[in-house]
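To keep things clear, I will list the structure first and then write my remarks on it.
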Amino acid sequence: FNSFFRARQAKQVSNNSSDAWSSLFRLSSLFRLFFVPQCPFCQEPQQSDNICAKCFKSVSFLTSACIKCQEPFEYHIPGVYVCEKCSKQDLMFFDQMHCAMKYNEVIKNLIVRFKNQHDFSLANLFAKWIINRVDASCVFENDVILVPVPLYKNRLIKRGYNQSLLLVKQLSKLTNLKYTNVLERTRDTNSQATKTIAQRADNVKNAFALRNKYHGFVRGKKFVIVDD
């Protein structure tokens, strides 16, 4: 399966075809017709593809948090949206950030499965969680364009898919918003997993660029950049 999908992905990299992704989700839907849905974390059978009630208790959704770093507020003061730390930094290059849930072992394992173990069914679950988190904040306005964080071409061919693109496609499907690949990865980067915030910033510095053909397209538009 991996060899087949990588071959399909290599073809997609060269001609920007979306046929592989469409086939993938059709295949996923076909499997659901013949197999009992399972909780994506504990694998226990249940009536839907959502997380079961037992595992759901281990998921902590963010509610009141700083719109720049998503650090939860200990207590929320009406009209205050940025924490004290972020208020002292120059973070004007983006308007706001939203994370669907707190990072814990349950979420970590789900992301690893989605990102590294080809569990594509999680794209729909994650997309629903993101929408539930940010819908009230007017992030998904009608004129917003969704943008996936790109992978470097060698890593894309090796992995076989871009998990951020899968997530964006599900968000687009659920919100009817358009998406486009306006960004490109100009170089490969090391894993961010064990790095500090400063090291992460340095690791991805100058690693992304606007694709040449989109320089005129982006002017005056609003974008939501989506990453896992």
Side-chain angles (χ1 to χ4, degrees), residues 1-28 93-94 97-100 103 107-127 130 144-175 177-219 221-228:
F1 175 79
N2 289 344
S3 299
F4 165 77
F5 197 81
R6 286 175 183 174
R8 293 294 299 273
Q9 179 61 41
K11 180 179 179 181
Q12 184 195 35
V13 170
S14 63
N15 63 14
N16 293 322
S17 171
S18 62
D19 291 345
W21 305 126
S22 298
S23 300
L24 175 65
F25 285 111
R26 283 198 297 267
L27 184 61
S28 177
F93 53 89
F94 71 100
M97 176 194 299
H98 292 276
C99 299
Y103 190 73
I107 299 303
K108 177 183 176 180
N109 288 327
L110 290 178
I111 290 177
V112 168
R113 282 171 49 191
F114 177 52
K115 190 171 183 176
N116 300 320
Q117 298 177 9
H118 300 80
D119 194 343
F120 305 118
S121 64
L122 290 172
N124 186 54
L125 178 62
F126 287 162
I130 291 172
V144 158
I145 299 174
L146 303 174
V147 176
V149 171
L151 290 178
Y152 192 61
K153 55 186 177 181
N154 292 346
R155 186 170 296 188
L156 177 59
I157 294 174
K158 181 178 179 180
R159 180 176 294 172
Y161 61 98
N162 178 0
Q163 71 281 355
S164 294
L165 178 58
L166 290 177
L167 190 52
V168 160
K169 288 198 170 189
Q170 284 301 295
L171 284 169
S172 176
K173 181 179 178 181
L174 295 171
T175 62
L177 292 174
K178 296 180 180 179
Y179 68 90
T180 186
N181 293 295
V182 301
L183 298 176
E184 64 179 344
R185 201 111 176 194
T186 58
R187 62 177 176 84
D188 204 0
T189 55
N190 297 322
S191 172
Q192 300 272 70
T194 60
K195 297 184 183 300
T196 64
I197 294 177
Q199 289 172 334
R200 290 185 178 200
D202 186 63
N203 186 43
V204 298
K205 186 177 181 179
N206 298 323
F208 300 94
L210 185 66
R211 293 179 184 272
N212 288 332
K213 66 178 182 179
Y214 287 109
H215 277 272
F217 171 79
V218 300
R219 189 177 300 277
K221 293 183 173 65
K222 301 177 187 177
F223 297 92
V224 172
I225 299 176
V226 181
D227 197 14
D228 62 287

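The shortest side-chain heavy-atom distance between Tyr161 and His118 falls under the 4.5 Å cut-off. No side-chain heavy atom of Leu146 sits under 4.5 Å from any side-chain heavy atom of Lys169. In this structure, the side chains of Thr180 and Tyr214 come closer than 4.5 Å at one or more pairs of heavy atoms. Contact check for Tyr179 versus Leu165: side-chain heavy atoms found under the 4.5 Å cut-off. Between Pro148 and Asn181, some side-chain heavy-atom pair lies under the 4.5 Å cut-off. Side-chain contact check for Arg185 versus Phe208: some heavy-atom pair is nearer than 4.5 Å. Taking 4.5 Å as the limit, some side-chain heavy atom of Leu183 sits within range of a side-chain heavy atom of Val147.
Within a 6.0 Å sphere centred on NZ of Lys108, other residues, nucleotides and ligands contribute 12 heavy atoms or fewer. Other residues, nucleotides and ligands contribute at most 12 non-hydrogen atoms within 6.0 Å of the CZ atom of Arg219. Summarising the local packing, NZ of Lys173 is surrounded by 12 or fewer heavy atoms from other residues, nucleotides or ligands at distances under 6.0 Å.
A donor-acceptor pair is defined here as one N or O able to donate and one able to accept, closer than 3.5 Å; no such pair exists between the side chain of Asp188 and the backbone of Tyr152.
Taking each heavy atom of Val149 and Ser164 in turn, the nearest pair found is O-CB, 3.6 Å. Taking each heavy atom of Asn190 and Lys195 in turn, the nearest pair found is CB-CE, 4.0 Å. Contact record, Ala127 with Leu174: CB-CD1, 3.9 Å, taken as the closest heavy-atom pair.
Here the straight-line distance linking atom CD of Gln170 with atom CG of Asn124 works out to 4.5 Å at 0.5 Å rounding. Considering CZ of Arg200 and OG1 of Thr194, their distance stands at 8.5 Å, rounded to 0.5 Å. Between Thr189 atom OG1 and Asn206 atom CG the span is 12.5 Å, to the nearest 0.5 Å. Taken to the nearest 0.5 Å, the CG atom of Leu156 stands 9.5 Å off from the CD atom of Gln163.
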- Message: Could you go through Asn116 and Arg159, starting from their C-alpha distance and side-chain angles, then the distance that decides it, and tell me whether this counts as side chain to side chain contact (heavy atoms under 4.5 Å, CB included)?
- Response: CA-CA 8 Å; Asn116 300 320; Arg159 180 176 294 172; 3.8 Å; yes
- Task: Would you please test Leu167 and Ile130 for side chain to side chain contact (heavy atoms under 4.5 Å, CB included) and show each step?
- Result: CA-CA 10 Å; Leu167 190 52; Ile130 291 172; 3.9 Å; yes
- Does the pair Leu166 and Phe114 meet the rule for a side chain to side chain contact (heavy atoms under 4.5 Å, CB included), with working shown? CA-CA 10 Å; Leu166 290 177; Phe114 177 52; 4.1 Å; yes
- Task: List the steps, then state whether side chain to side chain contact (heavy atoms under 4.5 Å, CB included) holds for Gln192 with Val204.
- Result: CA-CA 9 Å; Gln192 300 272 70; Val204 298; 3.4 Å; yes
